[in-house]
Amino acid sequence: MNGPQLSELPDDSEQLGPSVGGLRRRALQAAELSAVRTFSDAFLLRFLRARDFDVDLSLKLLLNYQRWRRESPEISTCLSPSSVLGLLNTSYHAVLPQRDHTGSRVLIYRIGQWNPKDWSAFQVFRVSLMTSEIVSTETETQRRGLKAIFDLQGWSLGHALQINPSLARKISSVLSDSFPLKVRGIHLVNEPVFFQPIFAMIRPFLPEKIKQRIHMHGVDFHDTLSDFFSPPVLPPEYGGEGPGIEEACRDWTNQLLQSEELLQQIASHPTGDVATVPEDSVISEAVETEQRSEG
């Protein structure tokens, strides 16, 4: 059975066992993960589905994810939605309730709602990571990936000054090969001329596959965006018939807030696999104490 067919099987299918076991063995043999005891099946399946069950590519993605978390603690160790509630309440970001015709999740980022005087680019990028962590737990999203719409109306010099080459590299690495999600499309609308220098900074770090999935729609985006998304998917503000963007943003903000505890656990966990308990964790110590008292 090939990768795409394996991807369609449920998490508890016995046919997934050899792939999951193979990736687990390879991961635990990796020098940089020598301190890790194990990985849960559900966690490993994210990486396998993101790379169509190619164990070599899945291992590379898993190692990149772990490396990225270690090397970017200023972003990865704080995944608290309540810490950026002011930004979320501006209707900056939504994950639309309906998937597109291919089953992909559709994300919208409204850059003009981000006031760079109030929120740093690091904080804004954390919002993307929070959403990515949550949707990557969805089996259907693991299979079908996601598409993002960036509305650049209101893009200013203040926004541009927040994006330096180091952050550009981090953003591009998450988009390309450091996060267990398939990026199926990136759509830019309302992009001003002076956004081009920033895009030129990010573009060289992107793999060819991602570059080919970037679509620039300009200010007359309603007609061209409808070539990619059917009317029920998009909000009316983007030429669709779905819920309004304000409602969609509010609903996703609530979803993130409900996931606050899970996101904080992911941020503080050594590998991000919250289904496993690290040896030196407080939870592990509590379990051992309880076992001793029962004994």
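Here the structure is a predicted model, which is why all the values come from computation and not from measurement.
The aromatic rings of His159 and Trp114 lie perpendicular to each other, with more than 60° between the two planes, well past the 30° mark. Note: His215 and His217 have tilted aromatic rings, judged against thresholds of 30 and 60 degrees for the angle between ring planes.
One side chain, Asp100 or Thr102, offers a donor N or O that lies under 3.5 Å from an acceptor on the other. Side-chain contact annotation: Arg99 with Thr141, donor-acceptor N/O pair under 3.5 Å present.
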Show the numbers, then the answer: is there a side-chain hydrogen bond (donor to acceptor under 3.5 Å, both in side chains) between Ser83 and Arg126?
-> CA-CA 10 Å; Ser83 73; Arg126 278 197 205 113; 5.4 Å; no
Let me see the working for Glu260 and Ser82 under side-chain hydrogen bond (donor to acceptor under 3.5 Å, both in side chains), right down to the final yes or no.
-> CA-CA 7 Å; Glu260 174 103 28; Ser82 58; 3.1 Å; yes
Checking ring pair (Phe, Tyr, Trp, His ring centres under 6.0 Å) for the pair His222/Tyr238: CA distance, chi angles, key distance, verdict?
-> CA-CA 6 Å; His222 284 80; Tyr238 295 90; 7.4 Å; no
Step-by-step side-chain hydrogen bond (donor to acceptor under 3.5 Å, both in side chains) determination, Glu246 to Ser91 = CA-CA 6 Å; Glu246 299 280 341; Ser91 301; 2.6 Å; yes
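In this structure, Arg51 does not pair ionically with Asp56, as no charged nitrogen and carboxylate oxygen lie closer than 4.0 Å. The existence of a salt bridge linking Arg143 and Asp52 is excluded, since no basic side-chain nitrogen approaches an acidic carboxylate oxygen closer than 4.0 Å. Salt-bridge annotation for Arg70 and Glu32: present, with a side-chain N of the basic residue lying under 4.0 Å from a carboxylate O of the acidic one. Checked for salt-bridge contact, Arg144 and Glu8 meet the test: a charged N lies under 4.0 Å from a carboxylate O.
Annotation: Lys211, atom NZ; neighbour count of heavy atoms from other residues, nucleotides and ligands within 6.0 Å is above 12.
Taking the six-membered ring for Trp and the full ring otherwise, Phe221 and His187 have centroids separated by 6.0 Å or more.
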